[in-house]
Student: 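Below you'll find the structure I mean.
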Amino acid sequence: MIVFNRFKMALAVCVLTLLFYMILYNNHEEQTKEFPATQEQRLMPWSHSPSAGPCTCPDGSVLLKEHIPKDQYEDLVQRRAKELQQYKARNGGSELARQLLAMPNSPLQYPIQGFTVRPLTSTYIPGLALHAGQRSSYKISLNVSKGILTTEVPAEEVTIKGNGETMLIMESSSLATLNGLLAKVSYTSTVYHIHTGDLASFQFENHEAVFPITIKQPHIPVLYDMGSDINSHVTITTKTFLRYPQLKVLLSSIRRFYSNIEVIVADDSFEPEHITGEHIRHYIMPPAQGWFAGRNLAVSQVTTKYFLWVDDDFVFTEHTKIEKLVEVMEAVPELDVLGGSVEGNQFYFSLHYEEGEEMDGGCLNRKSNGKFHSLPGYPKCSLANGVVNFFLARTDAVQKVGFDPKLQRVAHSEFFMDGLGSLMVASCGHVSIGHQPKTNHEKAEARYAQFRHPAKSDEEFKLQLHFFKNHLKCVRYG
């Protein structure tokens with residue numbers, strides 16, 4: 001009797017629970033019918049951030065518009081706005097950049113991420129299905145804008161409209177049959193593009209889902225044969241100008257620890273000297289082209305997976321272990337640039353960037369000694385946005401960003417500014433390089449100093465370049 005009473009109580013609890021969920025479902029159905037989701041609710045505006053508005057310049061920022069000649073300002077702003085629109089068209093200005101909201105308790109099943117098709121190629125849409133209660137008839141529609149939708153020839157109990165067009169409508173009295181045809185729906189883009197996207201609208205009664213379709217031409221891999229030793233892993237690169245004594249000390253120190261490693265020297269001195277030695281490639285440039293032009297030349301000639309950048313007045317020591325930097329880069333393949341320490345100075349910085357409004361431009365704040373968190377598995381390494389002039393870098397990643405040759409003397413952070421969002425950067429303290437002491441070559445040093453220390457016009461040019469090229473309103477160097 002006790003067991004029977006317990007059974008009745010349990011049965012009553014189950015019945016009450018079932019009634020509760022039936023009432024809850026019916027209430028939601030009524031609310032959905034009364035307040036159907038609108039297109040505005042499903043699609044958020046074109047924006048990379050939740051709140052698009054003017055950015056705030058930190059205290060101490062340089063307002064770049066104040067460094068633009070007044071008679072050139074209006075024309076410059078118009079040209080900059082045109083360039084920005086073209087930049088956005090090439091970098092994520094398609095449907096794939098749009099925010100999508102999934103409405104609650106939808107009976108529609110569809111892919112929410114990862115559906116990628118090749119241009120002009122038919123591909124089945126994975127996971128399409130309808131989960132609905134008993135109906136006398138089930139009717140769904142699919143709609144796209146940059147392609148066509150097709151499915152198999154239907155059975156007798158199915159009606160199909162728009163097969164091979166941008167809108168496909170299917171209706172059937174059998175849910176199983178309808179889901180069988182949904183599993184066979186394919187999408188074919190009708191316009192060739194190497195990387196764009198489409199939005200597919202999937203509808204049933206008052207329910208609508210919108211999901212992205214990535215249209216992308218696959219990349220052909222470009223791989224580097226690492227070989228068997230450090231000489232096939234890394235090329236050492238440097239730029240020299242009027243400092244042959246320092247360059248010779250650097251080369252001598254390299255050979256002390258790495259006798260066969262390749263060294264590339266970019267040289268824009270006025271009276272070039274002939275640099276000899278095995279595994280040294282000396283490229284002569286027109287005079288005084290500048291630091292970034294030399295960097296571009298040197299890195300363009302690298303054939304190894306990595307290159308090590310060093311200044312011409314550095315010196316290798318027993319602590320300059322290139323292998324340790326390679327070890328980190330190989331263990332964390334997402335990294336692109338890995339800085340070390342110069343005379344114990346592990347200089348690094350972070351960049352905080354706000355896009356701001358289109359007409360004003362963005363706000364950039366460079367914070368010295370700013371970093372994020374340690375690299376997993378390497379407590380002596382931390383992620384950052386920029387590092388010191390002693391770094392190991394992934395050759396192909398840096399070549400894509402490049403060094404702007406317009407910047408001749410005032411340049412270092414600017415490379416990492418151009419690479420923000422493209423380069424994954426970290427700094428390590430367990431690998432270091434030395435710095436040569438100052439010399440007494442007064443005549444040579446005096447001539448070098450004329451070019452080493454930038455004039456006010458160089459600083460002004462750099463600020464004007466940031467205004468147009470980087471679409472910035474202000475910059476703060478902290």
Student: Decide whether Q464 and H67 meet the rule of one side-chain donor and one side-chain acceptor closer than 3.5 Å.
Tutor: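 No, H67 and Q464 have no side-chain donor paired with an acceptor closer than 3.5 Å.
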Student: Applying side chain to side chain contact (heavy atoms under 4.5 Å, CB included) to K473 and C55, what does each step give before you reach the verdict?
Tutor: CA-CA 9 Å; K473 175 171 70 173; C55 59; 4.0 Å; yes
Student: Do I213 and T123 touch side chain to side chain, with heavy atoms closer than 4.5 Å?
Tutor: no
Student: Might you work through the ring-ring contact (aromatic ring centres under 6.0 Å, His included) test for F257 and F316, ending with a clear yes or no?
Tutor: CA-CA 8 Å; F257 298 99; F316 276 53; 7.1 Å; no
Student: Just do the side-chain hydrogen bond (donor to acceptor under 3.5 Å, both in side chains) check on D418 and N470 with the steps written out, would you?
Tutor: CA-CA 8 Å; D418 288 347; N470 301 122; 3.2 Å; yes
Student: Check the pair T395, K305 against side-chain hydrogen bond (donor to acceptor under 3.5 Å, both in side chains), reporting the backbone distance first and the verdict last.
Tutor: CA-CA 6 Å; T395 303; K305 184 176 182 178; over 6 Å; no
Student: Taking E327 for the side chain and L325 for the main chain, is one N or O donor matched with an acceptor at less than 3.5 Å?
Tutor: no
Student: Under a 3.5 Å cutoff, is there a donor and acceptor pairing between the side chains of S201 and N143?
Tutor: no
Student: Among K438, K239, R243, exactly one meets salt bridge (Lys or Arg N to Asp or Glu O under 4.0 Å) together with D313. Which residue is that?
Tutor: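 Result: among K438, K239, R243, R243 is the only option passing the salt bridge (Lys or Arg N to Asp or Glu O under 4.0 Å) with D313.
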Student: side-chain hydrogen bond (donor to acceptor under 3.5 Å, both in side chains), that's the test. Do Q78 and Y73 meet it? Break it down for me.
Tutor: CA-CA 9 Å; Q78 291 180 14; Y73 181 76; over 6 Å; no
Student: Output, in order, the C-alpha distance, side-chain angles, deciding distance and verdict of side-chain hydrogen bond (donor to acceptor under 3.5 Å, both in side chains) for D198 and S145.
Tutor: CA-CA 7 Å; D198 201 348; S145 62; 2.9 Å; yes
Student: Indicate whether the side chain of E271 and that of Y244 have a donor and an acceptor atom separated by less than 3.5 Å.
Tutor: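 The criterion, which ignores hydrogens and geometry beyond distance, is not satisfied for Y244 and E271.
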Student: For G434, is there any backbone N or O sitting under 3.5 Å from a side-chain donor or acceptor partner on T317?
Tutor: no
Student: Would you call Y187 and I215 a side-chain contact if the rule is heavy atoms closer than 4.5 Å?
Tutor: yes
Student: Between the main-chain N or O of L250 and the side-chain N or O of S252, is there a donor-acceptor pair closer than 3.5 Å?
Tutor: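 Side chain of S252 to backbone of L250: no pair is present.
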Student: Is there a donor-acceptor contact under 3.5 Å from the side chain of Q203 to the main chain of S141?
Tutor: no
Student: Between H233 (side chain) and S228 (backbone), is there a donor-acceptor pair under 3.5 Å?
Tutor: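 Side chain of H233 to backbone of S228, a donor-acceptor pair under 3.5 Å: no, none is there.
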Student: Within 45 degrees of the axis of the six-membered ring of F349 and under 6.0 Å from its centre: does R366 put its NZ or CZ there?
Tutor: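 Cation-pi check for R366 and F349: passes.
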Student: Is atom NZ of K462 surrounded by more than 12 heavy atoms (other residues, nucleotides or ligands) closer than 6.0 Å?
Tutor: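 For K462, atom NZ is crowded (more than 12 foreign heavy atoms under 6.0 Å).
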Student: For a quick check under 3.5 Å, do S382 and S374 share a side-chain donor-acceptor pair by atom type?
Tutor: no
Student: Under a 3.5 Å threshold, yes or no: a donor from one side chain and an acceptor from the other, between E262 and T235?
Tutor: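 No donor-acceptor contact under 3.5 Å links the two side chains.
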Student: Taking the six-membered ring for Trp and the full ring for Phe, Tyr or His, determine whether the centres of H471 and F467 are under 6.0 Å apart.
Tutor: no
Student: If you measure from the SG of C363 to the SG of C57, is it under 2.5 Å?
Tutor: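 Answer is no: C57 does not pair with C363 in a disulfide.
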Student: Within 45° of the axis and under 6.0 Å from the centre of the six-membered ring of Y306, does NZ or CZ of R394 qualify?
Tutor: no
Student: Any salt bridge between K400 and D396, counting N to O under 4.0 Å?
Tutor: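 So K400 does not pair with D396 through a salt bridge.
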Student: Does a donor on one side chain sit under 3.5 Å from an acceptor on the other, for D404 and N296?
Tutor: no
Student: Is it true that the side chains of T196 and K146 contain a donor and an acceptor less than 3.5 Å apart?
Tutor: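 Present: a donor and an acceptor within the cut-off.
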Student: Run the numbers on E358 and L84 for side chain to side chain contact (heavy atoms under 4.5 Å, CB included), then give the verdict.
Tutor: CA-CA 8 Å; E358 284 196 3; L84 179 64; 4.1 Å; yes
Student: Answer yes or no: is there a donor N or O on one side and an acceptor on the other, between the side chain of H219 and the main chain of P221, under 3.5 Å?
Tutor: no
